[in-house]
*Asks:* 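Got a structure for you, written out below as structure tokens; questions coming shortly.
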Protein chains: 2
Amino acid sequence: MEFTKRLLEQFLALAEERHFGRAAQRLSMSQPPLSQAMQRLERGLGVTLLDRRPGDLRLTPAGTAFAVEARRLLDAQSAVVERVRRVAHGLEGDVRVGYVSILSHRHLPRLLRAAAEELPGLRVHLHQDATVTLVEMLRSGALDLAFIRDPSPVPDDLVVHDFAVERIVAALPDEHRLAGAASVALSDLREDDFVLLSETALPGLARQARLACGESGFTPRRRADADDLTGLLGYVAAGLCVSLMPEDLRDFPVPGITFVPLREASPYLRTTVAAVRRADADAAVHRLLDLITRHTGP
Amino acid sequence: MEFTKRLLEQFLALAEERHFGRAAQRLSMSQPPLSQAMQRLERGLGVTLLDRRPGDLRLTPAGTAFAVEARRLLDAQSAVVERVRRVAHGLEGDVRVGYVSILSHRHLPRLLRAAAEELPGLRVHLHQDATVTLVEMLRSGALDLAFIRDPSPVPDDLVVHDFAVERIVAALPDEHRLAGAASVALSDLREDDFVLLSETALPGLARQARLACGESGFTPRRRADADDLTGLLGYVAAGLCVSLMPEDLRDFPVPGITFVPLREASPYLRTTVAAVRRADADAAVHRLLDLITRHTGP
DNA sequence: GAACTCCATATGGTCAACCATATCGAATGA
DNA sequence: TCATTCGATATGGTTGACCATATGGAGTTC
């Protein structure tokens, strides 16, 4: 038994008109083929749908039930077409998004809110991890988009878009001689002890700190290493060292630490980028990426 | 865009096999027409469902969504066929049932329970009214089945089946001289004052009381009339009259009243019948009627 | 580069769905 | 009784869906 749109429409027209002639007219066809179609329908179902009494056509109980179901089937079909098109156009769908730890605490929520508003049909699945892991997941297809740091050599199969830039600031103990300054030059810290991230943990930040000092003409005297940011903060708060950190950390004030902007400008920035697979054709990903770039520009 | 079963099955097979050749084989067809069918499908939707990369066929996000929807559409179609057949066979459906007031308090619940168990797909809509009204509603199509009293001249377009029989008993004041008897003959009451129902209210019972007395060779001395059973009960409880009532009323004991069986046997029965339209072809009604007769026999 | 895999394209045949016109047969009502 | 109404039936034509076989063409593998 096959329910063509046409067949369902014919039955519905007949169910409303309760008259073969009028229904046929409404369907822009002659009466005989309508009779035949209804016979085929009833034969196919093995069920009598119409109570053909002369001068008074009625639906049997089964016919009444079928009229409801027919309407539902038609609606379901249209809904499927609609939904598939929306998915194809990226207005609906699933996007798996990776991001690096707390560093995105400022921009990510804003972005998610904008996405929920502009692309309400999108379901975003979040996964937090380190940049290296995220890159791997993205390339293997486990993620569709990732907000990562420092993709210094960007893999061939990925494309990145700047998402947010964050200055590096000096983290000084409250009692440090420059803690009260409006800004410091990196070179002012050449004699200080530094605590820096180990290269293995968050290579991006570690490398950038090293480069920044290099450009200011000195190698930081590295008194200690730490595996993560909280480790760094501990050393600084204890008054033992100074360090360099992303400015966003100021949103998580730590007693004993003062953050002071660097006088040097552009080079000492940490950039967060949105990365996607170059070959990815998923429209939802592109919509989201488009939204990201638009919300990033101004 | 038309979603034939065949087309949906073809897409689903392809979505599972991820290979035109194997899918075609599973569908017992050759590969080219399958290619064509998928092209027609994609063209019809205006959406690319398949990511044809050499040696590795994938579904686009839209294709994945469509696979889910296609399965749903197929299930929905089968469900419709199933449902319509169940309605046609009376295993599912709506039946509007009328019944006369409290008189059915004993049998109706039992029947409804049996129906709910044996025909769980049936939705029964209950309506309580007087016999005359119910007969009218049944004939006009406002009801499908009615439990009524005394359809003495059964209208041509209705058929009735005995549902329950109920003896008529004497209702005597507690202090009546025969209140202690195990049974009374109607003729014993020839000298008593009677309270009877007015002919207009519940004509069936009123007429039957009159007939019963007539057969016992007397006309009851009618001291009072009442519009309903509670009115009757009031007169009897006050010790003013005797009356005749359906035995089931004993389930609602009234202080001051004793119910005593009549010695006369069969004629003094009140029968409740299940009535349906003779021309009604509704299978659900017949199922229910069949259940009724089966639960009535033994 | 030759063989192979895999999907697309080309061509042709069959059949059922779909439609129209003409007609029939039953029921209704004047 | 006769005209009318209304759905079923008869007959024939067109079309598109569906299938098969044969072939093309891109990409991979050895």
*Asks:* Run the salt bridge (Lys or Arg N to Asp or Glu O under 4.0 Å) check on Arg277(B) and Asp282(B) step by step: do they pass?
*Replies:* CA-CA 10 Å; Arg277(B) 283 183 298 279; Asp282(B) 191 328; over 6 Å; no
*Asks:* Among the candidates dC7(C), dC19(C), dC19(D), find the nucleotide nearest to the side-chain atoms of Pro33(A).
*Replies:*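 Comparing dC7(C), dC19(C), dC19(D) against the side chain of Pro33(A), the answer is dC19(C).
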*Asks:* In whole Å, I'd like the distance from the CG atom of Asp56(B) to the C1' atom of dC7(C).
*Replies:* 13 Å
*Asks:* Between Leu57(A) (CG) and dA26(C) (C1'), how many Å, whole number?
*Replies:*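 So the two atoms are 15 Å apart, to the nearest Å.
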*Asks:* For the residue pair Phe3(B) and Val80(A), establish whether any side-chain heavy-atom pair is separated by less than 4.5 Å.
*Replies:*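 Side chain of Phe3(B) against side chain of Val80(A), heavy atoms only: contact under 4.5 Å found.
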*Asks:* Determine: side-chain N/O of Ser35(B) to OP1/OP2 of dA8(C), distance under 4.0 Å, yes or no.
*Replies:*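 The answer is yes; a side-chain N or O of Ser35(B) sits under 4.0 Å from OP1 or OP2.
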*Asks:* Pick base, sugar-phosphate or nothing for Arg6(B), based on heavy-atom distances below 4.0 Å to the nucleic acid.
*Replies:* sugar-phosphate
*Asks:* Enumerate all atom pairs, one protein N or O and one N or O from nucleotides 14-17 of chain C, separated by less than 3.5 Å.
*Replies:*
none

*Asks:* Taking Arg278(B) first and then Asp280(B), would you say they form a salt bridge - that is, a charged N and a carboxylate O separated by under 4.0 Å?
*Replies:* no
*Asks:* Mind checking if Glu2(A) touches a base, just sugar-phosphate, or nothing, with heavy atoms under 4.0 Å?
*Replies:* nothing
*Asks:* Could you state the atom-to-atom distance from CG of Asp51(A) to P of dC6(D) in whole Å?
*Replies:*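 After rounding, the reported distance stands at 17 Å.
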*Asks:* With a 4.5 Å limit on heavy-atom distance, are the side chains of Met38(A) and Leu14(A) in contact?
*Replies:* yes
*Asks:* Kindly point out which of dG7(D), dA8(C), dA20(D) is positioned nearest to the side chain of Gln36(B)?
*Replies:* dA20(D)
*Asks:* Is any side-chain N of the basic residue among Arg83(B) and Glu92(B) closer than 4.0 Å to the acidic one's carboxylate O?
*Replies:* yes
*Asks:* Would you mind reading off the distance between Gln39(A) atom CD and dC18(C) atom P, rounded to a whole angstrom?
*Replies:*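 After rounding, the gap between these two atoms is 14 Å.
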*Asks:* Is the distance from OP1 or OP2 of dC6(D) to the nearest side-chain N or O of Arg52(A) less than 4.0 Å?
*Replies:*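 Checking dC6(D) against Arg52(A), no side-chain N or O comes under 4.0 Å of OP1 or OP2.
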*Asks:* Can you measure Leu41(A) atom CG to dG7(D) atom P for me and round it to whole angstrom units?
*Replies:* 16 Å
*Asks:* Do Asp51(A) and Leu57(A) have side chains that approach each other closer than 4.5 Å (heavy atoms only, starting at C-beta)?
*Replies:*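 SC-SC contact between Asp51(A) and Leu57(A) ruled out.
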*Asks:* If you define the side chain from C-beta out and look only at heavy atoms, does anything of Thr60(A) sit under 4.5 Å from Phe66(A)?
*Replies:* no
*Asks:* Would you mind checking if Asp94(A) and Arg123(A) are paired as a salt bridge, meaning a charged N to carboxylate O distance below 4.0 Å?
*Replies:*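 Asp94(A) and Arg123(A): salt-bridged.
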*Asks:* Do other residues, nucleotides or ligands put more than 12 heavy atoms under 6.0 Å from Glu42(B) CD?
*Replies:* yes
*Asks:* Closer than 4.0 angstrom, basic N to acidic O: yes or no for Glu82(A) and Arg85(A)?
*Replies:* no
*Asks:* Find the distance Leu7(B):CG to dC19(D):P and express it as a whole number of Å.
*Replies:*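 Computing the Leu7(B):CG to dC19(D):P distance gives 10 Å.
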*Asks:* For the pair Arg287(B) and Glu118(B), find out whether any cationic side-chain nitrogen is under 4.0 Å from an anionic carboxylate oxygen.
*Replies:* no
*Asks:* Could you tell me the separation between the CG atom of Leu34(A) and the C1' atom of dT9(D), rounded to a whole number of Å?
*Replies:*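 From Leu34(A) CG to dT9(D) C1': 15 Å.
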*Asks:* Using whole Å, report how far CZ of Arg58(B) lies from P of dC7(C).
*Replies:*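 Between P of dC7(C) and CZ of Arg58(B): 14 Å.
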*Asks:* For every nucleotide of nucleotides 22-30 of chain D, 5' to 3': is a protein heavy atom under 4.0 Å from its base (B), only from its sugar-phosphate (S), or from neither (-)?
*Replies:* B----S---
*Asks:* Side chains of Val132(B) and Ile148(B): closer than 4.5 Å at any heavy-atom pair?
*Replies:* no
*Asks:* Please list, in numerical order, the residues of residues 19-30 of chain B that have a heavy atom closer than 4.0 Å to any atom of DNA chain C.
*Replies:*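 By residue number: His19(B), Phe20(B), Gly21(B).
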